[in-house]
Amino acid sequence: MEYFFYCRDRPGSGALREPLIEAHWSFMDRYADAMIARGPTLTADREEATGSMHMVDLPDAEAAREFAFEEPNYKAGVYGEVLVRRWRNVLGRTMWDFEGDGVDSRFLVIGHGGADTDARSAALLDAERRYLAGFLDHLIGCGPLLSDDGREWVGSAILIELGDRAAVEAMLASAPYVRAGLYADIEVHAWQFGGRR
């Protein structure tokens, strides 16, 4: 089962991150073979972390809970909020398969589905896929966020490399799901590839 995790930093918790880097990496080393994508979200100037995103293939919900809540940053109080969702890897590849142009133009998009939008998302699925296919060379990771049982659409998670935030917002503005009002909220975060350096 593929899962999406977004751990949002508590305000002022940045100082806690630095001494935990090795512990965080060591914990993630246990999941190296299951990792689809990982990395921190960043402030607009890309100087400081604002959160941590992972897309991981795990055996079950219990393994997902362990991944989210046994992680050193979480246990030390770095994160103020943890989002865990089932997810589907539509591209069928990892971030390491992506051949991009630059590290300073990568973004995480989290679209939170509105109430009672599952049927409407299914009706627009083909149109949404055709639209996103036009950005295939820019997509690092892409797929639906799903309910705990994996049956209902509850949003989308996209990793994309485009020129800047304005380009990402322009891409989103014309997407069928956005135009149909399926999202209650859309987050766009500066993001970079994570892992050991």
Side-chain angles (χ1 to χ4, degrees), residues 1-8 27-28 30-41 50-71 73-74 79 81-98 100 106-122 124-133 135-136 138-161 168 171-172 175-178 182-195:
M1 296 181 195
E2 294 156 334
Y3 285 87
F4 171 84
F5 303 84
Y6 182 56
C7 304
R8 195 184 311 272
F27 180 85
M28 292 302 163
R30 296 163 38 190
Y31 298 93
D33 292 340
M35 197 71 64
I36 298 165
R38 65 186 288 191
T41 56
T50 60
S52 187
M53 187 285 314
H54 293 84
M55 295 168 172
V56 191
D57 191 356
L58 297 169
D60 53 34
E62 181 56 37
R65 281 190 290 276
E66 181 178 332
F67 182 92
F69 302 116
E70 293 300 318
E71 192 272 332
N73 284 341
Y74 175 80
Y79 306 135
E81 178 186 344
V82 177
L83 174 66
V84 180
R85 289 278 185 265
R86 292 278 300 275
W87 179 74
R88 186 175 303 121
N89 184 5
V90 170
L91 300 179
R93 64 185 187 214
T94 73
M95 73 178 199
W96 296 277
D97 299 320
F98 178 75
R106 293 176 179 156
F107 297 87
L108 165 65
V109 176
I110 308 171
H112 302 276
D116 301 319
T117 52
D118 180 57
R120 292 170 57 208
S121 71
L124 289 168
L125 180 59
D126 287 343
E128 182 78 358
R129 285 181 174 169
R130 284 193 301 273
Y131 180 77
L132 290 175
F135 295 89
L136 190 58
H138 301 278
L139 291 172
I140 302 163
C142 180
L145 299 175
L146 303 168
S147 58
D148 290 345
D149 62 8
R151 294 179 181 174
E152 292 187 23
W153 181 91
V154 297
S156 304
I158 297 171
L159 297 171
I160 192 164
E161 181 182 276
V168 175
M171 180 273 290
L172 291 170
Y177 280 6
V178 173
L182 297 189
Y183 298 114
D185 182 49
I186 299 176
E187 302 179 45
V188 178
H189 300 273
W191 174 79
Q192 68 183 26
F193 279 18

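All values derive from a computational prediction rather than experimental measurement.
In this structure the side chain of Leu83 reaches within 4.5 angstrom of the side chain of His112, judged on heavy atoms. Using a 4.5 Å heavy-atom cutoff, the side chains of Thr94 and Asn89 are not in contact. Put simply, the side chain of Tyr177 reaches to within 4.5 Å of the side chain of Ser156, judged on heavy atoms. Within the 4.5 Å cutoff, the side chain of Ile140 has heavy atoms near those of the Trp191 side chain. A 4.5 Å side-chain heavy-atom check between His138 and Met171 finds every atom pair outside the cut-off. The shortest distance between side-chain heavy atoms of Asn73 and Cys7 does not fall below 4.5 Å. In this structure, Phe5 and Glu71 have side chains that are not in contact, with every pair of non-hydrogen atoms separated by 4.5 Å or more. Between Pro40 and Gln192, the closest side-chain pair of non-hydrogen atoms falls below 4.5 Å.
The shortest heavy-atom contact between Ile186 and Leu172 is CG2-CD1, 4.0 Å. A pairwise comparison of heavy atoms in Leu58 and Tyr3 identifies CB-CD1, 4.0 Å as the closest pair. Considering all non-hydrogen atoms of both residues, Pro144 and Val90 come closest at CD-CG2, 3.7 Å. In this structure, Ser52 and Thr41 approach most closely via the heavy-atom pair N-OG1, 4.3 Å. Residues Leu145 and Ala157 share a closest heavy-atom pair of CD2-CB, 3.8 Å. Here the closest heavy-atom approach between residue Glu70 and residue Phe27 is recorded as O-CE1, 3.7 Å.
Aromatic ring orientation, Tyr183 versus Trp153: tilted (interplanar angle from 30° to 60°).
Ring pair Tyr6/His189: centre-to-centre distance below 6.0 Å.
Classification of Glu2 and Arg88 as a salt-bridged pair fails, no side-chain N sitting under 4.0 Å from a carboxylate O. A salt bridge links Glu66 to Arg30: one of the charged nitrogens lies within less than 4.0 Å of a carboxylate oxygen.
Note on residues 143-160: no pairs pass salt bridge (Lys or Arg N to Asp or Glu O under 4.0 Å), not counting sequence neighbours.
In terms of the ring pair (Phe, Tyr, Trp, His ring centres under 6.0 Å) criterion, Tyr79 has no residue partners (sequence neighbours excluded).
From Ile36, atom CD1 reaches atom CZ of Arg93 across 12.5 Å, with rounding to the nearest 0.5 Å. One distance of note links CZ of Arg86 with CE of Met1; it measures 4.5 Å at 0.5 Å rounding. From Met55, atom CE reaches atom CZ of Arg38 across 13.5 Å, with rounding to the nearest 0.5 Å. Of the inter-residue distances, the one linking Leu159 atom CG with Met53 atom CE reads 4.5 Å to the nearest 0.5 angstrom. Atom NE2 of His54 is separated from atom CZ of Phe4 by 11.0 Å, given to the nearest 0.5 angstrom. How far CZ of Phe193 is from CE of Met95: 5.0 Å, rounded to the nearest 0.5 Å.
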Arg8 vs Glu187, salt bridge (Lys or Arg N to Asp or Glu O under 4.0 Å): CA-CA, chis, key distance, verdict: CA-CA 12 Å; Arg8 195 184 311 272; Glu187 302 179 45; 3.0 Å; yes
Please determine whether ring pair (Phe, Tyr, Trp, His ring centres under 6.0 Å) holds for the pair Phe67 and Tyr31, giving the CA-CA distance in whole Å, both sets of side-chain angles, and the decisive distance to 0.1 Å. CA-CA 9 Å; Phe67 182 92; Tyr31 298 93; 4.8 Å; yes
side-chain contact (heavy atoms from CB on, under 4.5 Å) evaluation trace for Leu136 with Leu91: CA-CA 9 Å; Leu136 190 58; Leu91 300 179; 3.8 Å; yes
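The local environment of CG in Asp116 is sparse, with at most 12 non-hydrogen atoms from other residues, nucleotides or ligands closer than 6.0 Å.
Side chain of Trp87 to backbone of Gly143: a donor-acceptor contact under 3.5 angstrom is found.
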